[in-house]
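Quantities reported herein were computed from a predicted structural model and do not represent experimental measurements. Below, each value reflects all heavy atoms present in this structure, side chains not excepted, and no hydrogens, waters or symmetry copies.
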Amino acid sequence: MIQAAKKARIIVRPASFAAAMSTTAPPPPPPNARSICDNYRGGAFFPPQKKKYLDVTSPVDGSVIGRVALSNRADVDAAVSSAQLALCGWSSRTTKARSMIIGRFYHLCQLHKKALADLIVQENGKNASEAAADVAKGLETVDWAVGLPEVSAGRQLQVSSGGVYCSDRREPVGVVACVVPFNFPFMVPMWTLPIALVLGNTVVMKPSEKVPLTMTYVVGLLEEAGIPKGVVNLLQGGKEAVEGLVDHDDVRAVTFVGSSPVAEILASRAHKLHKRVVALGGAKNHLVALPDCHVSSASRDIVASFAGCAGQRCMAASVLLVVGDDTFHKEMVDAVVERTKAVRAGTDAGTMGPVIDAAAQKRVEWYIDNAVEKQGATVLLDGRDAGWSDGTPPTGHWIGPTILLHKSASDSAMQEEIFGPVLSIFCVRTAVEAVKIENASPFGNAACIYTTSGANAEWFTGRFRSAMLGVNVGIPVPREPFSFGGLYGTKSKFGDGDITGDGAMEFFSRRIKVTTRWPEPEGPEFGEPMMESGEGVTDHANFNGRM
């Protein structure tokens, strides 16, 4: 096993990390972006009823970049009423007609993708390439939604002798509410919005109050694409807005992406009101490295997984389990540490941005402090001080990537979601030990195996207790038509079904089943009756016309 050199902080961050942070600034907003994020309904912006606002600050430098409305129940009622009023007209259009508007929206987003990415950097702190990927992945879902007329068609089948047919068709659920998090200001809203719209629903979207600028910009593009008034509505705010949406009688379905405690509360609240709900919670994703893996490739992927997007994604690596003897333990851990040392702070492509706010920074620092000072873990790479020569942190919410080597699999950092750039490493001898640790997690979002053996990959993917699995892929995000969601019965998912892809197609529609039988016409003008299919075979399951 790797020997713990020290329990105290080990400062190994290059000085250039601090230099990059002290000069980094968020990009300017697009010329037509709104800095005051009001509620949007019926095709227009409205201030909140009580005229209360919250400052929106950039995590890059702490500057105030806008203000966001804080909505109350009256604002909720207005938003839902707008969506309800638009529902009949929108749902009566054909699926193809609705998809054509979303196709125009896709084209406009492509034209404005640089502006969207700049807003994401400004309000979320992603680096430029991560922000561009946020937009690109969101547009991938929009593109899939445009094709829904081809994939959402109903079915028909003759199910019994005597000309009995069953068919089904999709109908919209109605007014749906989508509550989205801060970590992907464009992509996560697009997991639900375009699919719900093409299927004929109207939407009330509640963006995170930490990153309202991007979706405020997006509704302008939807309007330009031709979306009718009231079909898409933005409700800004916090807890009161969310609770109001869940409780509202006219809201038929709710989607949520965020922390596990809130996901569980929201799902329970919605189910008590007999509403359809999918609430995706947190994660503690495990990566397992076997001695036969490609060490260089695996270490590169591991670093991208845990440090990309500053670790603020539910698919990020949290725990690395290294399987094998002492020699491989050292080889694998050293490779990960050396690659991580090269990570620089900033918002340019290839750098690592800040965490979202001061509370997030304090939470990350607490987990590191607790692991080292109270639970005996060793810091192999320390992002708390980040090599600042003057001993004072810059403005903004910066913390460098951190790697901990644990002695116990029960340490807090090994068990709980941190949602920051921290990788916990634990070395084991056998595959069975690794699977036992992964299976014991209360979460069940994602897991990955690094190996060059198909047999090893099959063994692990058949035993992991998570819903989204990777083989040599540290961020195993399913892509359309596959849906996204953690494992039922864990802290990673509550409610009904999955989100995005074909899971969202099912969630945002109701299947109406019709069973039909037309008696065969009689009379000389119709000639002799045709022989029924299956004649001579008794259909005991057929109740048509008999008791």
Side-chain ion pair, D118 and K114, N-O less than 4.0 Å
yes
Go through the side-chain N and O atoms of E123 and T214 and say whether any donor and acceptor fall under 3.5 Å apart.
yes
Taking atom types as modelled, find out whether D55 and T57 have a side-chain donor-acceptor pair closer than 3.5 angstrom.
no
For N456, the side chain to side chain contact (heavy atoms under 4.5 Å, CB included) test, sequence neighbours excluded, returns L290, D292, T451, S453
Would you say N472's side chain and A298's backbone share a donor-acceptor pair under 3.5 angstrom?
no
List the atom pairs, with distances to 0.1 Å, where a side-chain N or O of residues 178-187 and a protein N or O form a donor-acceptor pair under 3.5 Å, not counting sequence neighbours.
residue : atom : partner : partner atom : Å
N183    : ND2  : Q312    : O            : 3.3

Does S299 have any side-chain hydrogen bond (donor to acceptor under 3.5 Å, both in side chains) partners at least two apart in sequence or in another chain, and if so, which?
R339
Heavy-atom donor-acceptor pair, N39 side chain to Q236 backbone, under 3.5 Å:
yes
Just by distance, do the side chain of D502 and the backbone of F482 share a donor-acceptor pair under 3.5 Å?
no
When you check the gap from the basic side-chain N to the acidic O, do E438 and R463 get nearer than 4.0 Å?
no
Return yes if some donor-acceptor pair links the side-chain N/O of S305 with the main-chain N/O of A317 below 3.5 Å, else return no.
yes
Could you check if a side-chain atom of K126 sits within less than 4.5 angstrom of a side-chain atom of C309, using non-hydrogen atoms only?
yes
Do L222 and L193 touch side chain to side chain, with heavy atoms closer than 4.5 Å?
yes
Does any pair with a residue in residues 486-495 pass side chain to side chain donor-acceptor pair (under 3.5 Å), and if so which ones, sequence neighbours excluded?
K493-D498
Taking the side chain from W398 and the backbone from V60, do they hold a donor-acceptor pair closer than 3.5 Å?
yes
Which pairs count as salt bridge (charged side-chain N to carboxylate O under 4.0 Å, His left out) when at least one residue sits in residues 206-218, sequence neighbours excluded?
K206-E209, K210-D357
Side chains of I195 and W144, heavy atoms from C-beta outward: is any pair under 4.5 Å?
yes
Just how far is it from atom CG of N370 to atom CG of L404, taken to the nearest 0.5 Å?
10.5 Å
Within the side chain of E140, is there an N or O that forms a donor-acceptor pair under 3.5 Å with the backbone of E480?
no
E365: what forms a side-chain hydrogen bond (donor to acceptor under 3.5 Å, both in side chains) with it, not counting sequence neighbours?
Q361
Evaluate the side-chain proximity of V379 to R384: yes if any heavy-atom separation is below 4.5 Å, no if none is.
yes
Tell me if the NZ atom of K137 is crowded by more than 12 foreign heavy atoms within 6.0 Å.
yes
Output every pair passing ring-ring contact (aromatic ring centres under 6.0 Å, His included) with a member in residues 435-474, not counting sequence neighbours, ordered by first then second residue.
F460-F464
Take a 6.0 Å sphere around CD of E240 and say whether it holds more than 12 heavy atoms from other residues, nucleotides or ligands.
yes
Give a yes or no on whether the backbone of R344 and the side-chain of T351 come within a donor-acceptor separation of less than 3.5 Å.
no
Note, V56 side chain near P212 side chain (heavy atom, < 4.5 Å)
yes
Under 3.5 Å, side-chain donor or acceptor atoms of residues 415-426 against the rest of the protein: list the pairs with distances, not counting sequence neighbours.
residue : atom : partner : partner atom : Å
Q415    : NE2  : A409    : O            : 2.8
E416    : OE1  : Y367    : OH           : 2.5
E417    : OE2  : A283    : N            : 3.1
S424    : OG   : H406    : NE2          : 2.8
S424    : OG   : A413    : O            : 3.3

According to ring-ring contact (aromatic ring centres under 6.0 Å, His included), does anything in residues 281-319 pair up with another residue at least two apart or in another chain? List the pairs.
none
Which residues pass the side-chain hydrogen bond (donor to acceptor under 3.5 Å, both in side chains) test with E338, sequence neighbours left out?
K341
Would you say that C109 contacts L221 through its side chain, given a criterion of any heavy-atom pair below 4.5 Å between the two side chains?
yes
For C314, is there any backbone N or O sitting under 3.5 Å from a side-chain donor or acceptor partner on N445?
yes
Hits for ring pair (Phe, Tyr, Trp, His ring centres under 6.0 Å) against F507, two or more places apart or cross-chain, chain-then-number order -> none
From the list V232, L235, T192, side-chain contact (heavy atoms from CB on, under 4.5 Å) with M205 holds only for T192
Test side-chain hydrogen bond (donor to acceptor under 3.5 Å, both in side chains) applied to S268 - qualifying residues, sequence neighbours left out:
none
Is it true that a side-chain atom of T402 and a backbone atom of G400 form a donor plus acceptor pair closer than 3.5 Å?
yes
Nearest 0.5 Å please: distance from the CG atom of L266 over to the CZ atom of R269.
8.5 Å
Heavy-atom pair of closest approach, residues N127 and D348:
CB-O, 3.1 Å
Side chains of S410 and M414: closer than 4.5 Å at any heavy-atom pair?
no
Interatomic distance, D301 atom CG to I475 atom CD1 [nearest 0.5 angstrom]:
7.5 Å
